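Reviewing the structure listed below.
Computed from a predicted structure; not experimentally measured. Residue numbers start from 1 in every chain, and the chains themselves are labelled A, B, ... in the order their sequence lines are given, proteins ahead of strands.
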Amino acid sequence: MTDTITAPTIEYLLLSPLLVVFGAAIVGVLVEAFAPRYLRAAFQVPLTLLSLVAAFALVIFVVVKDGVPNKAAAMGAVAADGPALFIWGTILLLAFVSVLLIGDDFVPSAVAVPGSVEEERAVSEGAAHTEVYPLVLFAVGGMLLFAASNDLLVMFVALEVMSLPLYMLCGLARRRRLLSQEAAMKYFLLGAFSSAFFLYGTALLYGYAGSIDLSKISTSLSSVGGQDSLLFIGAAVLGVGLFFKIGAVPFQMWKPDVYQGAPTPITALMASGTLVAAFGALLRVFWVALGNLEWDWSPVVWAVAILTMVVGAILAITQTDIKRMLAYSSIAHAGFILTAVVATAGAKQNSLALSGILFYLVAYGLTTVGAFGVVTMVRDPGGEAWHLSRWAGLGKRSPKLAMVLAFFLLAMAGIPLTSGFFAKYAVFSAAVSGGAVALVVVGVVASAIAAFFYVRVIVLMFFSDPAADGPSIVMPIATRGVVGFAALATVVLGVFPQPVLDLASKAAQSLFVR
Amino acid sequence: MEPIVEHSGGVIGASWLMIAFPLASAAILLLGGRRTNAWGHLLGVFAPVASFVVAVMCFLQPSGRYDVGLYDFIPGVAKVGLLIDPLSITFALLITGVGSLIHIYSIGYMAHDPERRRFFAYLNLFVAAMLLLVLADNYLVLFLGWEGVGLASYLLIGFWQFKPTAATAAKKAFVVNRVGDFGFLVGLFTIFATFGTFAFGPVFDNAAKASNGTLTAIGIMLLIGACGKSAQLPLQSWLLDAMEGPTPVSALIHAATMVTAGVYLVVRSGAAFFPEGATASLIVTIVGVATLLAGAIIGTAKDDIKKALAGSTMSQIGYMMLAAGLGPAGYAFAIAHLLTHGFFKADLFLGAGSVMHAMKDEVNMRRYGALRALMPVTFITFFIGYLAIIGFPLLSGYFTKDGIIETAMDSNAILGWLAVIGAGITGFYMSRVVFMTFFGSKRWADDVHPHESPSVMTWPLIILSIGSIFLGGYLILSNRLMVYLGPAVGLPEALPQFHPFSPTGLATLALVALGAAIAWVRYGSAEVPQVAPRGSFLTTFARRDLYGDALNEALLMRPGQWLTRLAVWFDNKGVDGVVNGLAAGIGGSSGRLRRIQTGFVRSYALSIFVGAAVLVGAWYVVGNL
Amino acid sequence: MNYWLSLLMAVPAVGAAGVAFIRRDRTAKVATLVISLVTLALTVAMTVQFSPHGDTFQFQEKYDWIPALGIHWAVGVDGIALVLILLSAILVPIVVLASWWDAEEGKRSVRTYFALLLALEAMMIGVFAATDVFLFYVFFEAMLIPMYFMIGSYGGAQRSYAAVKFLLYSLFGGLLMLVAVIALYSLAGKNSFLFTDLIGVIKEPGAQRWLFLGFFIAFAIKAPLVPFHTWLPDAAAQAPAGAAVLLVGVLDKVGTFGMLRFCLELFPEASRWATPVVIALSVIGIIYGAILAIGQTDIKRLIAYTSISHFGFISLGVFALTSQAQTGATLYMVNHGFSTGALFLIAGMLISRRGSQYIADFGGVQKVAPILAGTFLIAGLSGLSMPGLSPFVSEFMVVNGSFQRYAVPTIIATSAVVLAAVYILWMYQRTMNGPTVEGVRELTDLNVREKWVVGPLIALLLVFGFYPKPLIDVITHGVNEAQISIQYTNPAPAVPVAKEGS
Amino acid sequence: MTTHYLVLSALLFAIGGVGVLVRRNAIVVFMCVELMLNACNLAFVTFARQHGNLDGQVIAFFVMIVAAAEVVVGLAIIVTIFRTRRSASVDDANLLKY
Amino acid sequence: MGETFVFWVLAVVSVIAALGLVFSRKAVYSALMLGVVMLSLAVLYAVQDAPFLAVVQIIVYTGAVMMLFLFVLMMVGVDSSDSLVETIKGQRFWAVLAGLGFAVLLALGIGNAFIGPAKGLAAYPQNVPSLAELIFTRHVFAFEVTSALLITAALGAVVLAHRERLTPKLTQRDLARQRFKEFARTGRNPAPLPGPGTYARHNAIDKPALLPDGSIAAQSVNRYVARYEKAEGTLPPEVAQALESDSEALELEKE
């Protein structure tokens, strides 16, 4: 106990992407506070986009300047290592395109009761919640931190930083507000519930190791004796929180409801960014903190992975709502990624698996954003046309759009020459080399089942007659750009994945900082 | 047997022209389409005549066994080559000779058919294939020709395809032949597995080295093939239906040439796979005898003139088979009978065709009668053919058939006596045909005005009847044919001497006379009812082709149909059903499973909570293992 | 280094992209035809340069594609692949010509159909040319997509069911294969997917067997072998005739090609282990397919079932492990392409004229359309392996070669010659013969375009029926090389004969 | 003694969990979540003393901050939905299902 | 020994309060029960050498958070009470089963763990400075990031609860004008509602105002009270009658 406190050291450069995003969010809040309403959007949109670009540039700058870092920054709170930077880049990219999707999706006045005079007035007055943008930035900041947290406390805080804005954003859909609010409430209650589990797990692990540093937990695995039950239970309960975020069965139930109810750009952000961040965190916990425990946790994760793949795929088959279907597909994909999570062995194997997972996250994230982007374009008078029957004959009505969506769906189904194929290949091959052949076989069966519902949509779009009063196609330039970019990425990653694979394997080379 | 020597150049080297002429003609006629309608039949006739000329030129070359290599067919398996030896030349002469006559006859017979050109194309195709069959120097090429004649036969039987009966008959002929081919193919595989080649030379030279069982197996398999093509029991059923084809077809294919291919095959392979006394040979003789009797019995009950003749053909080929099964002693008689039969049966068929031509295509003999005056040339030539086939002394059939019967009697008395009985029945049914057609009172309808056929049809008849008179004597007396064929098929240890009026021969003659007499009593002198009376059981038995078709239907067709339906059902409901059921099952489970997503946030929380509890428990358990 | 194969793929691929943007339908069709003919010309030019006594793989190209995963753009052909590429290149222009008016009634634009055709061609060439296992897999799967759209968008009444069934079946097989591919790669540990790097690497029998199964099931679904066949009748019956030709004629060959190239060469021990089962399945397929063909009431389904029977022969030949049978099997793949191609195309012409594909709706066509009937008959005869037509040669080689090793199964298989006669001729009889029925009387005979479609096929059937040597020489080269890597010996004849007259 | 505290915390956590499952009023449900967080805090504090380091207390402190923020957001959401539906029952919000 | 005593007392109290939280029908009781748990825990913190946390617990949780809960409860209707009938089939059973299972598993696990004697926090005699040092060094980043949380929370409250003024604020004059226009249109009384006591004999909120004719001014009746009394059966009949006629009048007015 000394009277003076040594000032903490903060590696500002390393943390600069994070800081930029949070800073921009705060600036955004200030804009909300002081700028006149008609100017807010004009400030917010560029501010958000620029900050994301800047953060992305900083990620690259950090790597270019000093090579891939491998240290715990900010007094050990933030892990600045290859995977973290890769995931940051990915999240920033995905956030950028998701933000571009934001159009007229948000409610003009959240307070106004749906259908009330007040709401009408707000619409006619041109009110808008430009607070959405800082909220998105906060969420993105949370995601960045979540994936890079080096101790469980930061992870918990990041989890909340990420989730709280999302809870709210989910409730802000302009149309179908009842659904949107319901989604927000469900997401919130379940999210809070699961974060309680996360916290309890943290507590038990803390109790076991006497520390919340991931690396210290890891080292204590071999040094602490007699308290294994704390460790097991703690890890399991902590796992509940993480599994919840990635939407693994049986913790997946929020996903369809929330994805469906949330405004589509936010769904896109959740389906891509949140998933990426959650996997980053999950890997950190399982590989860094519980790394030496493989045999204890991998059977359980096996079971979870199998359930996730199968349930996701099977439940998607009978969906009639495209967003819901994509949500179930997202569950199945989480399962596919989980197959690689269990495939740990030596360091080489781990980096193989890790790079596979990283690639999968990029590929799937972009594809899914693209798919949700297409969803925003197909409109009925009452908003987006979600019901699949409305999509019948879209190939006739708007061949290009239908083709692009078909392409995304094929990518999700894992057809070669799409990014999804190499993604699937990467994780499956990691799993096989990790000895999880049986898991891969299940994965393959699930993929085949999953292919059915992707194909079903394609059949509907191309081989069915269009309805007489079919939906109209709205193509804002930004959305068009996003979809185009996603399609391009899906092709390029499918045909020439080498650069991204290289990046991923370089990022995965040194594995996580310990 | 002489060894086979390679040969190229010269007339022998050009022997492939025999096949090329008709083949080219067929190709021109088929590809040329209607443009060739005007002169198609002439080209069609020219081709076999040209081949005949080539055949004669080959025949005039010094006798020997020449192998003419043409080109590599399937590398490592077989080449395409021709074997020019006495046996093949004999056949080539028959095919092109009788073939040419039938072609000429067809000009007249098919004059009013708009598709005459196509008919000639098919006939040419047949001639080419048949020549390939007999000239081939290995089993595979032989099989090529074998199938080619099958195809041509199919096309010609079904020439009047708009008649459902004709189409069905054509298909039946092909399918039944295919059953034989199946056996033939297995024989071929066995040959290749045993010798590693299909070429006649090496196979025959080394046959003795192979095990007895193998040889017998090959023999039986080849015999099955031969049975199919030569309409021997049990694959005889197609031949009678094949009479749906135009009559020249019946004459050429289903009497003179194609159906003898089986005999050719047995004789050709005789030395290797059907040596005297071997099991395979015994089976050949049994098949031959059975068929000769069956054919004869069928012939007795048919009112359709062509079917009666077809039954007779079966029967006569049965004789040839019988002879072919008797080893080198029988080969010459088999071939000789084959040749003379080629003439007199073609004569008979063409005569029948002439009658039909005159009778507005009426085939039912019960509507004929008393035609001898109206169609003198036809009657005389037909009558000569009739005498030849029943073995009237000094006509062709007398020598050849008698030779067979004698040889059979020498080999096995039972076979011999059965053959004699067959001859007696022949006397009966052929007399019946003649009496019903040309004698008695006229029974034809009023709008029918019988007349003699044009000369383009009668001249071939005349030439064929001349052959029917003299050919047999020429071939048999002083063993001319036997000696000629010797290098190709081997000679018996002792050349047989022809004894006119041997006891067997006399017995045969007596039976034939008896048969003819009965026929006269029933059909010559008595009035023939226009509608066939209900006969005895035996008559029905014969009329219905010895229940061959019924047997086929009961044993093969009905179970086959049943099996097919079962298979289709199984494929739809079973195999596909499993797949569809699986899909439906997944879909159904999806439909049920999605109900757990109740929409109640508390249920979701419950799922998380229970999941957490299970996870903790599982982890705890796994961790403590 | 040369660029033959890449060029061969590039021409149709670029062409497909170009055709997709041509506005006028007619121009698009002509362009497609020209492009496919150019491809054919290039293929022929390449074939001429192939040396039957040269290296195993010729015209090899190899570039790193995804070095991180050991994946190369590696192409090259041996005799087996060469003839199959030739088959594809020949069939495509014919199919283009045959499909001239097929796409008009489809759900999507005409030019799309032709662009898909060209895209498919590029992939078909790619799949046979790939000498990198992964590249092969990529083509293997990617090929499904254009075909899926061709069936789904331009097919018959049940098209979407058929298309989905086709896609899911194939995809399922493909995914199983993917597992095997991955496992192969990781077990081999060579960090390379090159075919030559993977031969003989997996020694452990257990591993071989599992990997073999992964590959084999995918191929068996593709080929299709009983009991994985039920997608084919639906797909073939619903596909437009041209697509059906490519589906059955070429795409399905990838299955049998894969068995020969990948199953046998990569996993020789496992192949031997599995041979009894495969032979049994093949024989069952031969007979079962034939019986089912007899029972069909729909012309296209009937043809599809005949193909199932024929694929049985091919797989029998492949697994008989004699060079004659394997050569025959490869030749069978080519000939079957021509033969079934002709059957489907002529059946397609017939069906489009009558507007029905039920046999019962026909009768007496020969009277009104003799050329149509005649060509149909020839095509049909090729389907029943009539000697003189090329399928006979291959079928004979298969059964003759197989008999040397597996006598009894071969005999059972051979009995299909009778069934084949029944299904072909019965169909022919019911459609073409007999009195001309109502609805058929107005049928027109083949027009010039259609004659140009059918003519080349029949010519090929005849030419290779009598003179198959050029093809066999090329194929034998490939098969012999394969034989070396699989290390089997042909059974010797019981009574060896000096090879003088063979 | 540590074990006692921990068991108490576990008990409170489980009770909170059950509460989430059985209560329908969104606010009460949320209170139950808070109870669970409190149970966690108790564990943290207990472990802090057990291990003799203050990390646990720090975490507990952070948890309180986080919980406060969460309560704000959560209650805001609940209020919004209440305005629309005039009901705070979580069971009433089940439009999204299957 | 003192600690044990305190623990057992508070443990029992907190568990009972927690159960009360879960099982009391009324939300307000639940809130109060939660308060009890929190206070108990605060004491337990204090006992466990965490005085700072104890204080924060009381101030932040019991003070702020609980108040917020209560506020919201008031907003959404303090009277609302859960029905005790479970509508989701099997929910209770499984909930209790899972809860018991979970608790048992945790307890087993904890019981199984070999936990030695506590080290105690003697090393940190000054609780607050020590915490401060940790917070501002090791955990400074987390601390900074929580600011994002708080901003988010504020922003969230603004977005979801703040009604932005979209029209100019109405002055007294505007309101008066509006009232009279209303009167002209519908004949609705422009005067403010009667106070409870002009003619009243009572000043209590639950007594209605009386009109000059002595009848009851329906509009002066506190609806909440009326509803409560109605439920309790103590609503005076004349009030009920007045309310009824008034609601009829309102209905008429609407038409």
Atom group of [X] that falls short of 4.5 Å from chain E, counting heavy atoms:
X        : answer
Phe47(D) : neither
Ile77(D) : both
His4(D)  : both
Arg83(D) : side chain
Ser87(D) : neither
Ile27(D) : both
Leu8(D)  : side chain

Answer whether the closest heavy-atom distance between the side chains of [X] and [Y] falls below 4.5 Å.
X         : Y        : value
Leu160(E) : Val79(D) : no
Leu131(E) : Phe61(D) : no
Leu42(D)  : Gln48(E) : yes
Leu37(D)  : Tyr61(E) : yes
Leu53(E)  : Val45(D) : yes

For [X], which atoms come within 4.5 Å of any heavy atom of chain D: side chain, backbone, both, or neither?
X        : answer
Val37(E) : side chain
Phe52(E) : side chain
Ile88(E) : side chain
Ala64(E) : neither
Trp94(E) : neither
Ala17(E) : neither

Any pair counted as salt bridge (Lys or Arg N to Asp or Glu O under 4.0 Å), so long as it reaches residues 47-76 of chain D, sequence neighbours left out = Arg49(D)-Glu3(E)
Please collect all salt bridge (Lys or Arg N to Asp or Glu O under 4.0 Å) contacts where either partner lies in residues 42-62 of chain E, sequence neighbours excluded, each pair once.
->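 Found none.
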Heavy-atom pair count under 4.5 Å with chain D, highest-scoring of [options]:
options                                  : value
Ala154(E), Ala95(E), Gly99(E), Gly101(E) : Ala95(E)
Ile151(E), Leu134(E), Leu106(E)          : Leu134(E)
Phe102(E), Phe69(E), Phe143(E)           : Phe69(E)
Ala31(E), Ala98(E), Gly111(E)            : Ala31(E)
Gly109(E), Ala157(E), Gly120(E)          : Gly120(E)
Leu34(E), Leu150(E), Val65(E), Leu19(E)  : Leu34(E)

If you compare all heavy atoms of [X] against all heavy atoms of [Y], which two are closest, and at what distance to 0.1 Å?
X         : Y         : value
Phe62(D)  : Thr146(E) : CD2-CG2, 3.7 Å
Asn41(D)  : Tyr45(E)  : CB-OH, 3.0 Å
Ser24(E)  : Arg23(D)  : O-NH1, 2.6 Å
Gly156(E) : Ala76(D)  : O-CB, 4.4 Å
Gln50(D)  : Pro117(E) : NE2-O, 3.7 Å
Val22(E)  : Cys32(D)  : CG2-SG, 4.5 Å

When rounded to the nearest 0.5 angstrom, what is the spacing between CG in Leu21(E) and CD in Glu34(D)?
->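 One gets 10.5 Å once the value is rounded to the nearest 0.5 Å.
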Once you round to the nearest 0.5 Å, how far does OG1 of Thr46(D) lie from CG of Leu44(E)?
-> 8.0 Å
Is a side-chain donor-acceptor pair under 3.5 Å present for Gln57(D) with Asn127(E)?
-> yes
Which of the residues [options] is involved in the greatest number of heavy-atom pairs with chain E at under 4.5 angstrom?
options                                : result
Val29(D), Leu35(D), Val73(D), Ile59(D) : Leu35(D)
Gly17(D), Gly52(D), Ala14(D)           : Gly52(D)
Asn53(D), Val20(D), Ile78(D), Leu11(D) : Asn53(D)
Val66(D), Val18(D), Ile15(D)           : Ile15(D)
Leu21(D), Thr3(D), Val7(D)             : Leu21(D)

side-chain contact (heavy atoms from CB on, under 4.5 Å) assessment of Gln91(E) paired with Asp91(D) | CA-CA 12 Å; Gln91(E) 176 82 3; Asp91(D) 282 4; over 6 Å; no
side-chain contact (heavy atoms from CB on, under 4.5 Å) between Leu149(E) and Ile65(D), intermediate numbers included | CA-CA 9 Å; Leu149(E) 269 183; Ile65(D) 305 172; 5.6 Å; no
Steps toward side-chain contact (heavy atoms from CB on, under 4.5 Å) verdict (Gln57(E), Asn38(D)) = CA-CA 9 Å; Gln57(E) 171 89 353; Asn38(D) 270 289; 2.9 Å; yes
Heavy atoms from other residues, nucleotides or ligands near CZ of Phe7(E) exceed 12 (cutoff 6.0 Å) | yes
Step by step, would you call Tyr5(D) with Val47(E) a side-chain contact (heavy atoms from CB on, under 4.5 Å)?
-> CA-CA 11 Å; Tyr5(D) 284 108; Val47(E) 171; 3.6 Å; yes
